[in-house]
Amino acid sequence: MSDGPVLRREESTLSNAYDHAAIERRWQQHWEKQQLFRARNPGDLDFDPKARKYYVLDMFPYPSGSGLHVGHAVGYIGTDVVARKKRMEGCNVLHPMGWDAFGLPAEQYAIATGKHPSETNKTNTANYRRQLKLIGLSYDWSREIDTSDPRYYKWTQWIFKRLFERGLAYQAEVPVWWCEELKTVLANEEVINGRSERGNFPCVRRPLKQWMLAITKYAERLLEDLDGLDWPESIKAQQREWIGKSEGAEIEFEVEGGAGKLVVFTTRPDTLWGATFMVVAPEHALLKKVPASHRAAVDAYVAQAAAKSELERTDLAKDKSGVFTGLYAHNPAFERGDARGRIPIWTADYVMAGYGTGAIMSVPGHDERDHEFATKFELPIVEVVRAPHGVKGFADGACFCDDGVAVNSGPLDGLATPAAKKKAIELLAARGVGKPRVTYKLRDWLFSRQRYWGEPFPLLHLADGTTIAVADDALPIELPRLDDFKPSSDGSAPLARAKQWVETRDPKSGASARRNTDTMPGWAGSCWYWLRFMDPANAREPWARDAESYWGPVDLYVGGAAHAVMHLLYSRFWHKVLFDVGLVHTKEPFQKLFNQGLLTAFAYEDGTGRLVANTELEERDGRFFKRGTNEPVTQIVTKMAKSLGNVVNPDDIVKEYGADTLRLYELFMGPLADSKPWNTRDIAGSRRFVERVWRMLVDPDRDDHVRPHLSIDQARPELTGESLELEKHFHRALAKVDSSFEHFNFNTAIAALMTFVNEASKRPQALTRAQGERFVLALSPFAPHVAEELWQRFGHEQSLVRESWPKVDPRFLEDDTIEIPVQVLGKLRGKVVVAKGAAEPEIVAAAKAAVPTWLEGKTLVKTIVVPQKLVNFVVR
RNA sequence: GGGGAAGUGGCGAAAUCGGCAGACGCAUGGGACUUAAAAUCCCAAGCCGGCAACGGCGUCCGGGUUCAAGUCCCGGCUUCCCCA
């Protein structure tokens, strides 16, 4: 493998002072020209079959108009450090970047600026690309993708066809969230408290014919396969919660008067004997059978409930409301004719039409909401589960909802709750009035949008009412260029205005046909992009099989926790479908997931709690005041936002301090996973570190490439004295650098490198060339530009990108003597220095001698010796 | 309301297993160099008391386990994130 020679000496910086702008420009150009970060695919000429593969992926951004801020960069810098070290460890590293360009935000931005989304997308991606390169991120730019490029979305449509063919995409008239302001339907996940996530506009429920993806068919597998993933437990928990599996039973209650059956789902079939009434949702079909005597009251209640949001209805703290329907049901736990089995049916809005069957059996003794309801309307409460001893239960007037022992439940009496559940289901099943049932909270995925900026569906609607997919070779169905792409006031899709495009023919039969005018949601393009990166230019198929079997799965996926549910669940779903089709060889797309922490920033409030922009502040004696006044402001920590005036642009930081300093600072702030506040004041420390490194190896007052004593390649004599000391310091630092990759706490790695530089600057002549070179290699993932420059100054002609990562030699990690703290009653009272392998009696004797005044006149009760660590005397 | 993460100096933080709390930086104070400044280098610094040696207190609060607790257990408070 040849990287080509690096720039010759005469082209390098003339001055021996550290000049970040010149250094960073040179090396970024060099990397690009030599394509040093190009990942080799199987079949490529220079592909090395012996090299291990490593696929490290960032969640790709949608390129907004305001560009990157330093908070976005945290994760990208983290993955870049990993990618660079993996290359030095001999891995074939796939580290790509691209643009999630379709979707609502891009379209909203285009509408706001009056420019076509394809134009704004072009300028925005160009700006992002420039910014990412400025930070020195080692992406393989030859693999860049853009989800709004027809060469990309051709395959998004192609994959949609696979779902369609397998019956996983269907049209349905469903009540969906409609946002009047955005003129589109939104998925449940895009609506928060009845308002749109994008723009915070009010939304209402409305029945509309929509495309749905049957993600619920994969619910069980999406749940089960979480177990094998190296993901943060919190994300797994959120996905489990979202899928919301509950196991229980479906039970049939006969409604009196031949009004049919009422089916309920319950997770507690063991409490059937305690069901003293039933509740149906206000939308439930049974309400059509309400007798005339109760009709008016029920109708009034239904109308009132329709005006409430789901939040208002489910809030536990809210006062329960409801009305009796005049109907009765028979509880199948009891014999027909047994008065205890005749229970009233109510309607109440705390029961949701969309969950389970829209009806419940109410067990007020053992369910909080039922208990509250029964108390308010004076309905009977029966104990059927006895609380364990010492726990507040029915006898104490409490509502006991956990596992206990069945009572007042006929054949179940005496059984513990799990066994009682099982037996109840058996009994009901034997009589044909119940069966085990599993339900999920997960709903099918609403997949169509009445918007412009998205992938068109590869579908044709024929005159006879059937819908067919277009042939694979007719893809892509290109998004027609519309100059007026604003949503229509009547809610019809903007694409309906592209008459020429809509009216077409079925190529097979020649019959006239209409294209589908919906577009796919913003999530579609990101549901498979990690696969396209494996083989981005393939025009014949979405990716070559051998590329996927080599690169898959993603080894490390890094992004914000904000995508815990939607993107990661949808992606896993598509990946599983592709697995079933035989297009990928793994069940899961992302083996290891890591969430970088939120980068926050300081903001300032005045006495009234109003925010004061950072430009309106001045600092005096470490305190902050409103500029030109004596009005003090208090510092708070919040997210970076334009409105708070605390957004920091990486361009400015790179210009003033350099990319290496920016990278070091962002990593040095704290562990990658932590949320932490940006403080421009602190950057100086990282910059000083870079300059100290520079001066450790280069004398700014001479014109040698490196300091004279580093320029000669000695025959490696046995290390002695201060050079040996430095060798030990180097290996200790390197060990910390290595271990920082386990938890991505690169702050400790940089601290260790700083300590080494501090030690080396205490011994200016002791540093050897070999130590300097290995230090530069160890520094290079974090500060790659200055490392390359120094590496070249050592006389190397090749970039260090694929140099071997230095190895820790454990022999240098240990000293001949160790210092052991001596405690008396657990408090530090002295220290002793002993030989490494010193025997215990010797250590104890030395320790006693070190703390005489603390032992004098006391009785020694016990001596604790932790080998190599500590001595503690317990005295009385 | 549910789930998750966290709380350590003036600030960002460090501390595999329970074993020297505050590494490494920032800001601060003092000194060296300089005609002067910047830069750089050296020193100090958790808080309280003391000239000092030194002592007491100290990891959100209250209990507990232990020779020993930032770390483990019980109870509480606060902040952030996600969901409803």
Side-chain angles (χ1 to χ4, degrees), chain A residues 17 188-189 191-194 232-242 244 309-318 352 368-369 441 560-566 595 597-598 600 602 619 621-623 635-639 664-671 673-689 691-692 695 700 732-733 735-736 739-740 742-743 745 747-758 761-762 764 818-832 853 860-876:
Chain A
N188 285 332
E189 304 87 293
V191 178
I192 294 158
N193 293 347
E233 276 309 314
S234 61
I235 301 288
K236 289 195 198 180
Q238 282 179 58
Q239 293 223 344
R240 287 193 189 103
E241 170 76 14
W242 191 262
S309 74
E310 198 152 310
L311 177 74
E312 286 173 309
R313 287 175 55 169
T314 48
D315 193 343
L316 277 171
K318 280 273 150 51
M352 297 297 142
E368 290 281 358
R369 287 170 308 177
K441 265 198 290 191
H563 298 102
V565 176
M566 289 178 267
N595 296 123
L598 202 70
T600 54
F602 294 119
E619 189 179 353
D621 304 327
R623 298 184 58 209
Q635 196 179 59
I636 57 164
V637 170
T638 77
K639 62 181 179 189
L664 287 167
Y665 172 62
E666 293 218 9
L667 298 170
F668 187 62
M669 287 168 78
D674 287 12
S675 170
K676 51 217 173 247
W678 173 275
N679 193 348
T680 301
R681 185 191 73 187
D682 292 348
I683 297 172
S686 297
R687 168 71 187 207
R688 280 202 274 263
F689 170 60
E691 291 183 8
R692 278 165 69 84
R695 287 198 310 271
R732 264 176 229 148
K736 282 186 183 160
S739 66
S740 73
E742 285 164 33
H743 300 290
N745 48 348
N747 53 326
T748 61
I750 292 164
L753 294 170
M754 285 174 168
T755 303
F756 176 79
V757 174
N758 291 346
S761 65
K762 284 183 209 160
I818 35 175
E819 192 186 51
I820 291 184
V822 182
Q823 297 183 338
V824 178
L825 284 170
K827 286 198 189 333
L828 180 71
R829 297 302 181 192
K831 288 178 185 182
V832 284
T853 53
L860 188 59
V861 179
K862 200 173 173 187
T863 304
I864 313 268
V865 180
V866 184
Q868 317 283 309
K869 271 273 169 71
L870 159 144
V871 177
N872 186 13
F873 294 114
V874 184
V875 296
R876 208 167 29 219

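To find a chain, count down the sequence lines: A is the first, B the second, and so on, and within it residues start at 1.
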Colleague: For RNA chain B, whose closest nucleotide is more 5', that of Pro671(A) or that of Glu819(A)?
Modeller: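 In this pair, the answer is Pro671(A).
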Colleague: So which nucleotide does rG1(B) pair with, by the Watson-Crick or G-U wobble rule with both distances under 3.5 Å?
Modeller: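 Check on rG1(B): paired to rC83(B), both distances under 3.5 Å.
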Colleague: What contact category does Asp674(A) fall into here, base, sugar-phosphate, or nothing, at under 4.0 angstrom with non-hydrogen atoms?
Modeller: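 Nothing, no heavy atom under 4.0 Å.
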Colleague: Take atom C1' in rC47(B) and the same atom in rG9(B), then report the distance between them in whole Å.
Modeller: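 The answer is 9 Å between these two C1' atoms.
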Colleague: Mind checking Arg692(A) for me? I need base, sugar-phosphate or nothing, with any heavy atom below 4.0 Å counting as a touch.
Modeller: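 Sugar-phosphate only.
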Colleague: With rounding to the closest Å, how many angstrom separate the P atoms on rA21(B) and rG55(B)?
Modeller: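 It comes out at 13 Å once rounded to the nearest Å.
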Colleague: Do the side chains of Glu233(A) and Lys236(A) get close enough for a salt bridge, i.e. N-O under 4.0 angstrom?
Modeller: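 Yes.
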Colleague: For the pair made of CZ in Phe873(A) and C1' in rG19(B), what is the distance, rounded to whole Å?
Modeller: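 Distance, rounded to whole Å: 15 Å.
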Colleague: Closer to the 5' end of RNA chain B via nearest nucleotide, is it Pro821(A) or Arg695(A)?
Modeller: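 It is Pro821(A), whose closest nucleotide lies nearer the 5' terminus.
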Colleague: I'd like the C1' distance from rU40(B) over to rC33(B), given in whole Å.
Modeller: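 9 Å, rounded to whole Å.
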Colleague: So, is Asn747(A) close to the rA14(B) phosphate, meaning a side-chain N or O under 4.0 Å from OP1 or OP2?
Modeller: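 Checking Asn747(A) against rA14(B): at least one side-chain N or O falls below 4.0 Å of OP1 or OP2.
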Colleague: Under a 3.5 Å cut-off for both distances, is rA36(B) Watson-Crick or wobble paired, and to whom?
Modeller: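 For rA36(B), the partner nucleotide comes out as none, under the 3.5 Å rule.
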Colleague: May I ask you to verify whether the side chain of Lys831(A) and the base of rC20(B) hold a donor-acceptor pair under 3.5 Å?
Modeller: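 Such a pair is found, so the answer is yes.
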Colleague: Provide, to the nearest angstrom, the distance between the OH atom belonging to Tyr665(A) and the P atom belonging to rA13(B).
Modeller: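 The distance from OH of Tyr665(A) to P of rA13(B) comes to 9 Å, rounded to the nearest Å.
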Colleague: Taking the same atom, C1', in rG50(B) and in rG56(B), what whole-Å distance lies between them?
Modeller: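 Those two atoms are separated by 12 Å.
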Colleague: What does Arg732(A) touch in the nucleic acid at a heavy-atom separation under 4.0 angstrom: a base, only the sugar-phosphate, or nothing?
Modeller: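 The answer is nothing, as Arg732(A) stays clear of every strand by at least 4.0 Å.
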Colleague: How many Å lie between CD1 on Ile683(A) and C1' on rG25(B), as a whole number?
Modeller: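 Whole-Å distance recorded here is 13 Å.
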Colleague: Determine the Euclidean distance between corresponding P atoms of rC24(B) and rC74(B); express it in Å to zero decimal places.
Modeller: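 Pairwise P distance, rC74(B) against rC24(B), rounds to 36 Å.
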Colleague: Write down the partner of rG29(B) under the Watson-Crick or G-U wobble criteria, each distance required to be under 3.5 Å.
Modeller: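 By the stated definition (distances under 3.5 Å), rC43(B) pairs with rG29(B).
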Colleague: Out of rC20(B), rG19(B), rC57(B), which has the shortest distance to the side chain of Asn872(A)?
Modeller: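 Nearest listed nucleotide: rG19(B).
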Colleague: Rounded to the Å, how far apart are Lys869(A) NZ and rA15(B) P?
Modeller: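 Nearest whole value for this atom pair: 14 Å.
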Colleague: Applying a 4.0 Å non-hydrogen cut-off, can you work out what Gln238(A) is touching in the nucleic acid: base, sugar-phosphate, or nothing?
Modeller: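 Here Gln238(A) touches the backbone only, sparing every base.
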Colleague: Report the distance from atom CG of Leu598(A) to atom P of rC82(B), rounded to the nearest whole Å.
Modeller: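 Rounding to the nearest Å, CG of Leu598(A) and P of rC82(B) are 8 Å apart.
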Colleague: Which base sits across from rC54(B) as a Watson-Crick or G-U pair, both distances under 3.5 Å?
Modeller: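 Pairing partner, where one exists within any strand: rG49(B).
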Colleague: Among Val832(A), Val824(A), Val866(A), Thr863(A), whose side-chain contact (heavy atoms from CB on, under 4.5 Å) with Val871(A) holds?
Modeller: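 The residue from Val832(A), Val824(A), Val866(A), Thr863(A) that satisfies side-chain contact (heavy atoms from CB on, under 4.5 Å) with Val871(A) turns out to be Thr863(A).
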Colleague: In whole angstrom, give the distance that lies between atom NZ of Lys762(A) and atom C1' of rC43(B).
Modeller: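 Going from Lys762(A) (NZ) to rC43(B) (C1'), I get 13 Å.
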Colleague: Counting only Watson-Crick or G-U wobble pairs whose two distances fall under 3.5 Å, which nucleotide matches rU78(B)?
Modeller: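 WC or wobble partner is rA6(B).
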Colleague: For rU78(B) versus rU28(B), give the span between their P atoms, rounded off to a whole number of Å.
Modeller: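 Looking at atom P only, rU78(B) and rU28(B) are 35 Å apart.
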Colleague: From CZ of Phe689(A) over to P of rA23(B), roughly how many Å is that when rounded to an integer?
Modeller: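 It works out to 18 Å between those atoms.
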Colleague: Among rC24(B), rA15(B), rA13(B), which nucleotide sits nearest the side chain of Pro677(A)?
Modeller: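 From the listed options, rA13(B) comes nearest.
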Colleague: Rounded to the nearest 0.5 Å, how far apart are CG of Leu664(A) and CG of Asn747(A)?
Modeller: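 So the gap between those two atoms works out to 12.0 Å.
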Colleague: Rounded to whole angstrom units, what separation is found between the CG atom of Leu828(A) and the C1' atom of rA69(B)?
Modeller: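 One finds 16 Å between C1' of rA69(B) and CG of Leu828(A), rounded.
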Colleague: Which of the following nucleotides, rC24(B), rA84(B), rA27(B), is nearest to the side chain of Arg688(A)?
Modeller: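 Among rC24(B), rA84(B), rA27(B), the one nearest the side chain of Arg688(A) is rA27(B).
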Colleague: For rG19(B), which nucleotide is its Watson-Crick or G-U wobble mate, given both distances must be under 3.5 Å?
Modeller: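 Its partner is rC67(B).
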Colleague: When you measure from the side chain of Ala751(A), which nucleotide among rG25(B), rG19(B), rA23(B) comes out closest?
Modeller: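 From the listed options, rA23(B) comes nearest.
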Colleague: So which nucleotide from rC11(B), rC67(B), rA27(B) ends up closest to the side chain of Ala684(A)?
Modeller: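 The listed nucleotide nearest to Ala684(A)'s side chain is rA27(B).
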Colleague: So which nucleotide from rC67(B), rG25(B), rG12(B) ends up closest to the side chain of Val874(A)?
Modeller: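 Side chain of Val874(A) sits closest to rC67(B).
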Colleague: Could you work out the separation of rG22(B) and rC26(B) based on their C1' atoms and round it to a whole Å?
Modeller: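 My reading of the C1' atoms in rG22(B) and rC26(B) gives 15 Å.
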Colleague: Which value, in whole Å, describes the distance between the P atoms of nucleotides rG7(B) and rA13(B)?
Modeller: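 Their P atoms lie roughly 10 Å apart.
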Colleague: When all nucleic acid strands are considered with a 4.0 Å heavy-atom cut-off, which category describes Gln823(A): base, sugar-phosphate, or nothing?
Modeller: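 Touches a base.
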Colleague: Does atom NZ (Lys736(A)) have a neighbourhood of more than 12 heavy atoms from anything else shown, all under 6.0 Å?
Modeller: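 Open.
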Colleague: Taking the side chain of Thr755(A) as its heavy atoms from C-beta onward, which of rC20(B), rG56(B), rC24(B) lies nearest to it?
Modeller: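 So the side chain of Thr755(A) is nearest to rC24(B).
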Colleague: Side chain of Lys676(A) only, please: which of rA27(B), rA13(B), rG19(B) is the nearest?
Modeller: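 Per side-chain heavy atoms of Lys676(A), the pick is rA13(B).
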Colleague: Scan Pro232(A) against the nucleic acid and name what it touches under 4.0 Å (heavy atoms): base, sugar-phosphate only, or nothing.
Modeller: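 Contact class for Pro232(A): none.
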